[in-house]
Protein chains: 2
Amino acid sequence: MRTQSTSNETIEMYLKTIAELGDGGAPVVIARLAERLGISPVSANEMVKRLGEQGLVAHVRYKGVTLTKNGRYIAHNVIRRQRLWERFLVDHLKMEWSGVYEMACRLEHATSNVLAEALSAYLGHPTTCPHGSPIPKSDGSLPLVSTRPLTALRVGEKGCIHSIQPTTTDVYAYLNRYQILPDRNFTVSEIAPMEGPITLDLPSGKVALGRSMAELVWVNV
Amino acid sequence: MRTQSTSNETIEMYLKTIAELGDGGAPVVIARLAERLGISPVSANEMVKRLGEQGLVAHVRYKGVTLTKNGRYIAHNVIRRQRLWERFLVDHLKMEWSGVYEMACRLEHATSNVLAEALSAYLGHPTTCPHGSPIPKSDGSLPLVSTRPLTALRVGEKGCIHSIQPTTTDVYAYLNRYQILPDRNFTVSEIAPMEGPITLDLPSGKVALGRSMAELVWVNV
DNA sequence: ATTCTTTATAAGGTCACCCTTATCTTTTAA
DNA sequence: TTAAAAGATAAGGGTGACCTTATAAAGAAT
Ligand SMILES: [Mn+2]
Ligand SMILES: [Mn+2]
Ligand SMILES: [Mn+2]
Ligand SMILES: [Mn+2]
């Protein structure tokens, strides 16, 4: 009989992903979760059931999965570790901004509490990750930022990029290439009809973003 | 049908352990391997078979397992990553010397080549870990150090501690408490009969070590 | 040479986590 | 209001990595 505990990494990735997709506690439909994790909806469904039995999530049919208090605590700790590592990788190791999410996504599961705290201290207790997102505190609290996706703006509005939501390395690389980065100011210069691209006026020039990519860019007006 | 590849962590730990136990390429009997990994010999046997099919190890009945060229390359890279992380944890994060082996043993599997090289550069390309062992180069080469276990010395001999072989946190903590650390000079002041303890004369005082612990302490005379 | 010990392996399981296909159930949009 | 789309789940599988309990084979010690 197998005596080892169930894989931490799997559980942590499910919880973190639920937290990321249901920002602020909105229910996440299993299909979205499966999509993001790159597994079949059936498998995700099974796993959600297991997580439910462990008291980490609650699932309401056709509404979605939400984190329990306990589940959210774990999720936020994972996010904390990831974002601390991202800071280290970017600030100290000078690694590619576009690649650190994935790298930190591996390190986050191999990081104990003691290590996370030492790392945080080493970094000077940073409050945001290189993508602009807040770093949860060690008690699991995460400040709710009031910011909107780029898709919510109208032509002519000026704003400042707050953060880039979690995505894949190639998307990060694209955004980086066109300097769509936290703290950059911009003006919305055009919004094409038929769900067409949104054109931004940045110091570095004009850039057109498709709607789904624009959804990842959170801004302050 | 499951499409994912077999867990990297498991493979890496098997290969690393074989490298550690069969220092310099000596065959490692499956029972020893199982013991160190904390699993049953039967399970280790099955896994060795799988590793053999993947061309990473060769097993000769009743003689032991050896790493293939490919297997050794992976093992040395894992060891490299672990020892680099150990340096970071001790030198930068100021973590407990006795605990870093275990911490780094988790990080080592979550570390890509790119990350390892960046880390090495950040640390100034160190050549030894905090336990005194050499750090393999990125090409997988590992200098064969000519040093002996403490158990090979005779009463009255003077020496210098070269390194502490991989062991558990509690053993590291014990050695640390009595200042049995790399680069410390000592004299063998007594060797009790009947496989009894070996007493060392250190700057910090006299310490008695059991034979199995003394086996872990490698020294230069 | 025989016995004891060590090592290896065959046989039969368990469990987590993934898969596909088929069948509901609910929501949504025409 | 009804059909289509989206979401959930039942049924049946697979694999890796572990387990225990035998049994076989080799090496060591008497
Ligand atoms: Mn991750
Ligand atoms: Mn980030
Ligand atoms: Mn390890
Ligand atoms: Mn070390």
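Residue numbers begin at 1 in each chain, while the letters A, B, ... track the order of the sequences.
The listed nucleotides are C/dC18, D/dC18, D/dA26; the one nearest the side chain of B/Tyr62 is D/dA26. Among the nucleotides C/dC17, C/dT27, C/dC19, the one closest to the side chain of A/Thr10 is C/dC17. Taking the side chain of A/Arg50 as heavy atoms from C-beta on, and the options D/dG7, D/dA25, C/dC17, the nearest nucleotide is C/dC17. Relative to the side chain of A/Ile39, the nucleotides C/dA8, C/dC19, D/dC19 differ in distance, and C/dC19 lies closest. Counting only heavy atoms from C-beta on, A/Arg32 has its side chain closest to D/dG7 among D/dG7, C/dA8, C/dA10. Distances from the side chain of B/Val42 to the nucleotides D/dG7, C/dC17, D/dT21 place D/dT21 closest. When each of D/dA17, C/dC18, D/dT9 is scored by its nearest atom to the side-chain atoms of A/His59, the top-ranked nucleotide is D/dT9.
Looking only at side-chain heavy atoms (C-beta outward), B/Arg87 and B/Pro130 come within less than 4.5 Å of each other.
Remark: the B/Thr68 side chain and the B/Asn70 side chain contain no N/O donor-acceptor pair separated by less than 3.5 Å.
When rounded to the nearest whole Å, the span between CG of A/Leu51 and P of C/dC18 equals 10 Å. Across the protein-nucleic acid pair, A/Lys49 atom NZ and C/dC17 atom C1' stand 14 Å apart, rounded to whole Å. Atom CD of A/Glu46 and atom P of C/dC15 are 15 Å apart (whole Å). Counting to the nearest Å, the P atom of C/dT7 and the CD atom of B/Glu35 are 9 Å from each other. Remark: P of D/dA6 and CG of A/Asn45 are 18 Å apart, rounded to the nearest angstrom. Rounded to whole angstrom, the span from the CD atom of B/Glu53 across to the P atom of D/dT15 amounts to 13 Å. Atoms CG (A/Leu37) and C1' (C/dA16) sit 16 Å apart, rounded to a whole Å. Regarding A/Ile11, its CD1 atom lies at a distance of 16 Å from the P atom of C/dC15, rounded to whole Å.
Of the two residues near DNA chain D, B/Tyr14 and A/Arg61, the one whose nearest nucleotide lies more 5' is A/Arg61. The residue among A/Lys63 and B/Pro41 whose nearest nucleotide of DNA chain C is located toward the 5' end is B/Pro41.
Side-chain atoms of A/Gln82 come within 3.5 Å of backbone atoms of A/Tyr101 as a donor-acceptor pair (strictly under, hydrogens ignored).
Not one side-chain nitrogen or oxygen of B/Ser43 sits closer than 4.0 Å to the OP1 or OP2 atom of D/dA17.
For the salt bridge (charged side-chain N to carboxylate O under 4.0 Å, His left out) with B/Glu20, the qualifying choice from B/Arg36, B/Arg32, B/Arg83 is B/Arg36, the only one to do so.
Aromatic ring orientation, A/Phe88 versus A/Trp85: perpendicular (interplanar angle above 60°, classes split at 30° and 60°).
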